[in-house]
Amino acid sequence: MIKAKQYTCIGCPIGCPLQLQHEGKDITEISGYECDRGAKYAKQEFTDPRRDMSTTVEIIGARWKRLPVKVTGPVEKDRVMEAARKIHELRVRAPVKLGQILIEDFLDQKAIHVVSCRTMERID
Amino acid sequence: MLDRMEGKYDVVVVGGGPAGMGAALGARDSGAERVLILDREPEAGGILWQCIHSGFGLHYFREELTGPEYAERFFEKVIDYEVDLVTNSYVSGISVDSDGTKSVRVMNEEHGMDTVNTKSVVLSMGCRERTRGSIRIPGTRPSGVLPAGLAQKIVNLKGYLPGKRIAILGSGDIGLIMARRLTLEGCKVAGVFEIMPYSNGLTRNVVQCLEDFGIPLHLSTTVAYIHGLDRVEKITVAPVSKDLKPDMSRAWDVKCDTLLLSIGLIPENELSLSLGIQMDVVTGGPRVSSTLETSMPGVFASGNVLHVHDLVDFVTRESLLAGQFAGEWAQGVRRPADNIRLVPGDNVRYCVPHSLSPEREHTIYMRCKEAMMPCRIRVGNLMERKLRFVVPAEMIIFKIKPDLLDKFHGDTLRIDILPAEKGKRHD
Ligand SMILES: Cc1cc2nc3c(=O)[nH]c(=O)nc-3n(C[C@H](O)[C@H](O)[C@H](O)COP(=O)(O)OP(=O)(O)OC[C@H]3O[C@@H](n4cnc5c(N)ncnc54)[C@H](O)[C@@H]3O)c2cc1C
Ligand code: SF4
C-alpha cells in the first residue's frame with residue numbers, strides 16, 4: 001500500500017512543502033520541491049533523519065557553571081533525547097580546552113565524539 | 001589607573017563582541033598601533049558564548065561552528081594581533097574635545113572610574129532584547145516573564161533553568177532555539193505563540209526546534225493576559241484578527257510557570273544618543289557614511305549596534321571595515337565626504353550605509369518590508385538584480401562597483417524591491 005509523508009524543506013527560506021510517497025521502505029515519488037535540494041532532503045529525512053547536537057554540561061572550578069559541548073557528527077533523530085540525557089551525566093573539571101574529547105565514540109559510533117566547544121580556565 | 005590603559009590610544013572599541021573584535025583587527029590591519037577593546041563582561045565574545053547551537057562561521061571560517069567556537073577562534077586572532085583588552089569595564093560616556101580627541105569614561109569593577117583618550121572610537125555595543133514593557137501585555141506582574149535571550153544566558157552559562165513549564169511569545173530564532181534547548185534540559189514547552197501569520201525564524205529552526213519535539217506553533221495568536229501573583233500561573237492566549245487585535249471570544253488558557261519573550265532586538269545606543277549622533281529611526285542605530293562613520297567625526301559603528309544582523313559572519317565583515325576606517329582616521333587619513341545619499345524605496349525597510357562615494361566598492365546591507373517572490377532589486381537606474389525571494393527575516397546583501405557610481409550624476413540613489421517582470425523567468 002502506498003503511504004504519504006509530509007516534510008518542510010529547510011534548505012532555504014522558501015520552505016517548500018514536500019510530499020513523499022512510499023511503499024514500505026521504497027520511495028515511489030517525491031513532489032513539491034522547487035529545486036533538487038528539496039528532493040534530497042525528503043529522501044534523507046525518510047531514510048535516515050539526523051540532527052546536529054549541542055548542549056551544555058556541568059563544569060567545576062571555572063568562571064561559568066556550564067560548559068558548551070557538541071557531538072562531532074549528526075545524531076539519529078530518534079536518539080536525540082537519549083543522547084542529551086547521556087551527555088548531561090557528564091561532570092567536567094576545569095581546565096578544559098577547545099575541542100577536548102569528553103566522551104569517545106559516542107552512542108557506539110566510531111570516531112564520533114562529544115567535545116568541548118571552548119576553553120575554560122581553572123578559577124579557584 | 002589601569003596601567004594598560006595609560007597614554008593615548010589610536011582606536012578605542014566599545015564592546016568586545018564579534019563586532020568589537022572585528023573592528024580591533026581591522027584597525028590593526030590599517031596600521032593603527034594602539035588599539036583597545038573595552039567590555040563590561042568578564043570576557044570578550046559578546047552574545048556568542050551563550051549561542052551554543054551550530055550555525056556560525058560558514059562564510060568567515062568556511063565551517064559550521066557553534067557560537068563559543070566562533071568566539072574563541074576569533075579571540076585567538078585578537079591576541080595574535082596585539083590588541084589591548086580590558087574587561088569588566090562599562091563605558092558610561094564619551095566626550096569630544098575641541099581638537100577632536102575623544103575621552104572615553106570607563107567604570108571598572110576593581111579600579112573604579114577612569115578616562116581613556118583616543119583619536120577614534122568604534123561603537124560596537126550590540127543590541128538588547130525588547131521586554132514586556134515594549135508591547136504592554138496586560139495582566140499581573142509576577143516573576144517568570146523574561147526575554148528569551150536572557151533565559152539563554154541563564155541556562156547556558158549560569159546553569160539554572162528559568163522554570164519547568166514554559167510558554168514562548170514570538171517565533172524569532174531565539175525563541176525557537178530556546179524551545180529546543182529547554183526541552184533537551186527536561187522542561188515542558190507548552191507552545192510558541194506568534195502574532196503574525198508566519199514564523200519570523202528560519203524554517204530549519206521551526207522544523208528542528210519545534211516539529212521534532214512536537215511543540216505546537218500557534219500562528220496569528222498572541223498572549224492576551226498574564227495571571228499569577230508571585231509567579232506566573234497561566235496565560236490567556238487568543239487568536240488575532242486582521243488588525244492584530246486579540247479575539248477574546250476564542251481565547252484559551254495555557255498553564256505555565258514561565259513566559260519567554262522573543263519579540264525582537266533593539267540596538268543598544270544610549271552612548272550614541274548621549275554623543276548627539278544622528279540616528280536612523282528604522283534601524284534604531286546611527287546613520288553612517290560609506291566608511292561606517294557616524295555623524296560625529298572619528299566615531300564609527302558596526303555590528304548589531306548599527307542594525308540587527310542575523311549572521312555573525314556579516315557582523316565580522318562589516319566590523320573589519322569599520323575598524324580599518326577608524327584606524328585610518330587615527331593616522332590622519334581624511335577621505336572626501338560621500339556625495340550620494342542612499343535611500344529606501346518600494347518594499348525596502350532600511351539600507352545601510354546611508355551614503356556612498358564613487359571612490360570605492362560598497363557592500364549594501366538591507367531588509368525588505370514584506371516577503372516577495374520572485375522579485376528584483378533596482379538601484380536607481382544603475383543596476384537591477386533578480387532574486388528568487390526576499391523575506392524580512394533575512395538580510396539582503398549585495399555589492400555596488402565604483403565604475404557604476406562614476407556614471408551616476410544625481411545626489412540621491414533609491415533602492416526598490418519590485419515584483420519580477422512578467423514573462424521573464426528568474427534564474
Ligand atoms: C539566540 C541567538 C541566535 C543566533 N544565531 C545565530 C546563528 O545561528 N548564526 C549566526 O551567524 N548568528 C547568529 N546570531 C547573531 C550573532 O550572534 C550576532 O549577530 C552577533 O553576536 C552580534 O555581534 P555584536 O558584537 O554586534 O554584539 P554582541 O555580541 O551583543 O556584543 C556586544 C558587546 O558589547 C558589550 N557592551 C555593550 N555596551 C557596553 C558598554 N556600555 N560598555 C562596555 N561594553 C559594552 C557587551 O557586553 C557585549 O559583549 C544569533 C544571535 C542570538 C541572540
Ligand atoms: S526545495 Fe529548494 S527552493 Fe524549496 S525550500 Fe528547499 S532549497 Fe528552497
Query raised in the report: Above 12 or not: heavy atoms from other molecules or residues under 6.0 Å from CD of B:E211?
Result: yes
CZ of A:R63 to CD of B:E41, rounded to nearest 0.5 Å, is 10.0 Å
Honestly, the part of A:C12 sitting under 4.5 Å from a heavy atom of chain B is both
For this session: State whether the number of non-hydrogen atoms from other residues, nucleotides or ligands found under 6.0 Å of A:K97 atom NZ is greater than 12.
Result: no
Residues of residues 47-55 of chain B with a heavy atom under 4.5 Å from any heavy atom of chain A, in residue-number order, are B:W49, B:I52, B:H53, B:S54
Tightest non-hydrogen contact, residues A:T55 and B:R181, listed as OG1-NH1, 3.0 Å
dist B:R204:CZ -> A:Y41:OH (nearest 0.5 Å) comes out at 10.0 Å
Separation between CD (B:Q208) and CG (A:D52), nearest 0.5 Å, reads 7.0 Å
Honestly, the part of B:F213 sitting under 4.5 Å from a heavy atom of chain A is side chain
Strictly below 4.0 Å, N to O, side chains only: are B:E64 and A:K70 in salt-bridge contact? no
- Task: Could you tell me whether the side chain of A:M81 reaches within less than 4.5 Å of the side chain of B:L184, counting heavy atoms only?
- Result: yes
Whatever's closer than 4.5 Å to a heavy atom in chain A on B:E72 counts as side chain
Max heavy-atom pairs within cutoff under 4.5 Å with chain B, candidates A:T119, A:V80, A:I87, goes to A:T119
The reported gap from CD in B:E43 to CZ in A:R118 (rounded to nearest 0.5 angstrom) is 4.0 Å
Okay, B:V206 and chain A: the region with an atom under 4.5 Å from a heavy atom over there is neither
Ordered numerically, the heavy-atom neighbours of chain A under 4.5 Å found in residues 172-180 of chain B are none
Q) Would one find more than 12 heavy atoms of other residues, nucleotides or ligands at under 6.0 Å from atom CG of A:D36? A) no
So CG of B:N156 and NZ of A:K65: to nearest 0.5 Å the spacing works out to 14.5 Å
Rounded to the nearest 0.5 angstrom, the CD-CE distance for A:E34 and B:M373 is 4.5 Å
Near A:E58 CD, under 6.0 Å, is it more than 12 heavy atoms from other residues, nucleotides or ligands? yes
Note to self: Just checking B:E370: does its CD atom have more than 12 heavy atoms from other residues, nucleotides or ligands closer to it than 6.0 angstrom?
What the structure shows: no
**Asked** Within a reach of under 6.0 Å around CZ of A:R122, are more than 12 heavy atoms found that belong to other residues, nucleotides or ligands?
**Response** yes
